[in-house]
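In this text, all values refer to a predicted model and were calculated from it rather than measured experimentally. Proteins come first, then strands; the chains are lettered A, B, ... in the order of their sequence lines, and each starts at number 1.
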Amino acid sequence: MSADRAAHVTASVVVPTGTTAADAVAQAGLPTHGPKAIVVVRDPGGDLRDLSWAADADTEVEPVAMDSPDGLNVLRHSTAHVMAQAVQDLYPEAKLGIGPPIENGFYYDFDVAAPFTPDDLAKIEKRMREIVKSGQRFSRRVYSSLEEAKAELASEPYKLELVDVKGDGVDTSEVMEVGGGELSVYDNLAADSDKRCWSDLCRGPHLPSTRLIGAFKLMRSAAAYWRGSEANPQLQRVYGTAWPAKDQLKDHLRLLEEAAKRDHRKLGSELDLFSFPEEIGSGLAVFHPKGGILRREMEGYSRLRHEESGYEFVNSPHITKAKLFETSGHLTWFAEGMYPPMDLEGAQYYLKPMNCPFHILIFRSRGRSYRELPLRLFEFGTVYRYEKSGVVHGLTRVRGLTMDDAHIFCSKEQMAGELKSLLRFVLDLLADYGLSDFYLELSTRDDTKAKFVGGFEEWEEATEALRQAAEESGLDLVPDPGGAAFYGPKISVQAKDAIGRTWQMSTIQVDFQLPPRFGLEYQAADGTRQRPIMIHRALFGSIERFVGVMTEHYAGAFPAWLAPVQAVCIPIRDDHVDYMNDFAASLRAERIRVEVDASDDRMQKKIRNAQQQKIPFMIIAGDQDVEAGTVSFRYRDGSQRNGVPLEEARAHVLEVVRSRANEGPSAA
RNA sequence: GCCGCCUUAGCUCAGUCGGUUAGAGCGGUGCUCUCGUAAAGCACAGGUCGUCGGUUCGAUUCCGACAGGCGGCUCCA
């Protein structure tokens, strides 16, 4: 049981034979309304049941409160139903898709003639309020047969399709509409009569009443493919959020605002870090001087760590003749992700979408001995990928990117150890940049799907080695069956940022495809020729994405060691400029990035400017400080340290920067 | 790539129901002010209203295509 869930567990109650869960909850004196209301119960089999569920034998159940993770899902799922009812009230021709709860909210898909406008959403929201207020009851009903279900759902083509999918025995566990051993429908009944207002094919469970929906808001509408496939028609998806109480909705909206303030695209231009000039093309960034410093610092520290960990640095060109990518197989399986070729002197050249083939050629440039393994080749390699126009997004999804890419060539025997130390290395390095909350995803082969390269045993061995490395890290490991590339399984490191959003960072991938394609081999101790195992890995993913993630993680207030400008000296009057220049020069001599603001702004304005630029140290001096031979610090958090002797001030800045501390600085 | 929305000064945004000189704040430049912890004052410069085409006597405004952006879907470092 997760800690999250444990915190919400209420002592179990017994539902006596022939009575309902609601009776038992009321009997136990548990809340039945308000944000902490018990909305469903968990039966001994672990399934969630409506409060109207009746026991056919004395049954011990666990009451589930609305503000628990399961309770929130129920709330949001029920709110999705309310929304669908509102939509069909207002747009009777709308056909229903699916409407599950998601993180922080829910969505529902509709087939409508025209997409929803913001005005439509406002109308839908208004209608939803009426429904919520009217206190409709959710009532479960089970279809006695497939035919009965189909007859009732005759006007809902998508629901019919779901019923049939279920009939096919396909796993539909992720579809809320159908599940378990029966087909059920939820009727919304008017509060004071048993009049049926609306129904939806659904496995439930649901809130007892719409009145329990404390707060909700429709967020946006967008198109989504039916059942997630590009080949299917697009439905209109409406996203909403729902909470047990109004304050929680407010908090959630505040969090979204906070996230918007951290948006690296916005901060990127505010802090003059990078831009995407239209003239260059979509998804192609230029880094301005300040963004350039960020990259240089990030790359520099990474280089240092790689050097210490036995990596060798290589370089490779950005374009190559087609043959290389024919050999590697990229042109057969990655062509749609590549820029089209250019014809030169009778040959076709391609921009490289990946670095691996180049590193392979370096491995193959001469005979290799087992004594050289593991051979770790590292490069900040810039690659170009033709991303579909709709997916390009800030720095996190671009068409030109620089990977901190390495390929490790090792023997089969070395693989497990190498993976283990590699994962440790990855996590340590990310932690040095201030990311510390991780989980891992293990992407494995899905045997029911596409073809795979390599034998079953190779896959097993590599997957096991990855799994062991992951497990030894002690981090949560989320399986991602079928997520592997066809040439090998992988671990990806997901990092949570300062406000809890997760980003895919590093990937560690075992490759069975390329070594044989390029005929790689080395000479073993016994004189035989062996094929090396190849591991691909990128820690930042791409420098561009990493800059974006760091920007959002720190909300632009970078740690002093990364900050493009580490200190600004602010003279209070013109005649303090020389004093500040001298002090700045003494810092600059220690490679501190320091500026003196000698503009004719008032010092309050200079502080405001430095604050907005999120500069770690503001160093101020006026008459008092000049006379005393001191300076005064103001930090980003507004805290101050006044009258610090010059030598001490200098040592303080150096200490904070050189420690690569990711917190502060602050006087606090 | 698909669906919807958006594009006016370096930035954030007004505005034009199709009609002489398109506005504001910030930012920039100049001058005045010389000031102790988040915005001193004044003045000036800056826009062929994303691009191309169409409709019209006349288009920044209406229509279309394209480019770029935003939110999703699919995909992904």
Trainee: Is there a donor on the side chain of A:D623 or the base of B:rG36 sitting less than 3.5 Å from an acceptor on the other?
Mentor: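 Answer is no: no donor-acceptor pair is held.
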Trainee: Can a side chain N or O of A:Y386 be found less than 4.0 Å away from OP1 or OP2 on B:rC76?
Mentor: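 So the side-chain polar atoms of A:Y386 never come under 4.0 Å of the phosphate oxygens OP1 or OP2 of B:rC76.
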Trainee: Any N or O donor-acceptor pair linking the side chain of A:Y225 to the base of B:rG1 at under 3.5 Å?
Mentor: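 Result: at least one qualifying N/O pair found.
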Trainee: Report the distance from atom CD of A:Q236 to atom P of B:rC2, rounded to the nearest whole Å.
Mentor: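 Computing the A:Q236:CD to B:rC2:P distance gives 15 Å.
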Trainee: At under 4.0 Å, does any side-chain N or O of A:H576 touch on OP1 or OP2 of B:rU34?
Mentor: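 So the side-chain polar atoms of A:H576 never come under 4.0 Å of the phosphate oxygens OP1 or OP2 of B:rU34.
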Trainee: So A:R265, base contact, sugar-phosphate only, or nothing? Heavy-atom distance under 4.0 Å.
Mentor: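 The residue A:R265 makes sugar-phosphate contact but no base contact.
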Trainee: Tell me whether A:R399 contacts the main-chain N or O of A:L284 through its side chain, where contact means a donor paired with an acceptor under 3.5 Å.
Mentor: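 Absent.
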Trainee: Would you please confirm or rule out a distance under 4.0 Å between OP1 or OP2 of B:rG72 and any side-chain N or O of A:R220?
Mentor: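 Result: yes.
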Trainee: Taking atom types as they are modelled, would you say the side chain of A:E279 forms a donor-acceptor pair with the base of B:rA67 within the 3.5 Å cutoff?
Mentor: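 Not at all, since no donor on one side and acceptor on the other fall under 3.5 Å apart.
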Trainee: With a 4.0 Å cut-off, would you call A:D623 and A:R573 a salt bridge?
Mentor: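 Looking at A:R573 together with A:D623, the answer is yes, because their closest N to O distance falls below 4.0 Å.
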Trainee: At under 4.0 Å, does any side-chain N or O of A:K266 touch on OP1 or OP2 of B:rG69?
Mentor: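 Answer no for this pair, as no side-chain N or O of A:K266 is under 4.0 Å from OP1 or OP2.
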Trainee: How long is the gap from CD on A:Q494 to CG on A:D480, to the nearest 0.5 Å?
Mentor: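 Result: 9.0 Å between the selected atoms.
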Trainee: Within this structure, what is the CD-to-P distance between A:Q604 and B:rG41, rounded to whole angstrom?
Mentor: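 Atom-to-atom, A:Q604 to B:rG41, this comes out as 12 Å.
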Trainee: What's the CE-C1' distance between A:M550 and B:rA77, to the nearest Å?
Mentor: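 After rounding, the gap between these two atoms is 15 Å.
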Trainee: Can a donor-acceptor pair under 3.5 Å be found between the side-chain atoms of A:Q234 and the base atoms of B:rC2?
Mentor: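 Yes, a donor-acceptor pair under 3.5 Å.
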Trainee: Check this for me: does any side-chain nitrogen of one of A:R262 and A:D497 sit under 4.0 Å from a carboxylate oxygen of the other?
Mentor: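 No salt bridge links A:R262 with A:D497.
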Trainee: Taking CZ from A:R385 and C1' from B:rC75, how many angstroms apart are they, rounded to a whole number?
Mentor: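 After rounding, the gap between these two atoms is 12 Å.
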Trainee: Just call it for A:S282: base, sugar-phosphate, or nothing, with non-hydrogen atoms closer than 4.0 Å on any strand.
Mentor: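 The residue A:S282 makes sugar-phosphate contact but no base contact.
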Trainee: Starting at CG of A:D109 and ending at P of B:rG71, how long is that distance when rounded to a whole Å?
Mentor: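 Computing the A:D109:CG to B:rG71:P distance gives 19 Å.
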Trainee: A:Q504 has an atom CD; how far is it from atom C1' of B:rC76, in whole Å?
Mentor: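 Distance check: A:Q504 CD to B:rC76 C1' gives 8 Å.
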Trainee: Does A:K606 put a side-chain nitrogen or oxygen below 4.0 Å from OP1 or OP2 of B:rG36?
Mentor: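 The answer is no; no side-chain N or O of A:K606 sits under 4.0 Å from OP1 or OP2.
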Trainee: In terms of the angle between their ring planes, are A:F378 and A:Y311 parallel, tilted or perpendicular, with boundaries placed at 30° and 60°?
Mentor: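 Judged by the thresholds at 30° and 60°, the geometry between A:F378 and A:Y311 is perpendicular.
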Trainee: Is A:R295 salt-bridged to A:E544, cutoff N-O under 4.0 Å?
Mentor: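 Salt bridge: yes.
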Trainee: Using a cut-off of less than 4.0 Å, is there contact between a side-chain N or O of A:R602 and OP1 or OP2 of B:rA40?
Mentor: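 For B:rA40, OP1 or OP2 has a side-chain N or O of A:R602 closer than 4.0 Å.
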Trainee: Would you please indicate if the ring centroids of A:F334 and A:Y350 are separated by under 6.0 Å?
Mentor: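 Ring-ring flag for A:F334/A:Y350: false, centres at least 6.0 Å apart.
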Trainee: Please classify the nucleic acid contact of A:N609 as base, sugar-phosphate, or nothing, using heavy-atom distances under 4.0 Å.
Mentor: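 Contact class for A:N609: none.
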Trainee: Find the runs of at least 3 consecutive base pairs, i with j, i+1 with j-1 and so on, that include RNA chain B, using Watson-Crick or G-U wobble geometry with both distances under 3.5 Å.
Mentor: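 For RNA chain B the paired stretches long enough to count as stems (3 pairs minimum) are B:1-7 with B:67-73, B:10-13 with B:23-26, B:28-32 with B:40-44, B:50-54 with B:62-66.
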Trainee: Of the candidate nucleotides B:rG1, B:rU37, B:rA38, which contains the atom at the shortest distance from the side chain of A:E230?
Mentor: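 Ranking B:rG1, B:rU37, B:rA38 by closest atom to the A:E230 side chain puts B:rG1 first.
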Trainee: Rounded to whole angstrom units, what separation is found between the CD atom of A:Q613 and the P atom of B:rC26?
Mentor: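 One finds 17 Å between P of B:rC26 and CD of A:Q613, rounded.
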Trainee: Just checking, A:R76 and A:F106: is the charged tip under 6.0 Å from the six-membered ring centre and within 45° of the axis?
Mentor: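 Ring-cation test returns no.
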Trainee: With sugar-phosphate meaning primed atoms plus P, OP1 and OP2, does A:G228 contact a base, only sugar-phosphate, or nothing at under 4.0 Å between heavy atoms?
Mentor: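 Sugar-phosphate: the residue A:G228, judged by heavy atoms under 4.0 Å, touches backbone atoms but no base.
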Trainee: Need one value for A:A222: base, sugar-phosphate or nothing, where a base atom within 4.0 Å counts as base even if backbone is also close, heavy atoms only.
Mentor: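 It contacts base atoms.
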Trainee: Under 4.0 angstrom, heavy atoms only, what part of the nucleic acid is A:R397 near: base, sugar-phosphate, or nothing?
Mentor: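 Base: the residue A:R397, judged by heavy atoms under 4.0 Å, touches a nucleobase.
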Trainee: Consider ring-ring contact (aromatic ring centres under 6.0 Å, His included). Of A:W226, A:F110, A:Y108, which one does A:Y158 pass it with?
Mentor: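 It is A:W226, the one option of A:W226, A:F110, A:Y108 that forms the ring-ring contact (aromatic ring centres under 6.0 Å, His included) with A:Y158.
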Trainee: Quickly work out the A:M403 CE to B:rC76 C1' distance and round it to whole Å.
Mentor: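 Taking atom C1' of B:rC76 as the reference, CE of A:M403 is at 11 Å.
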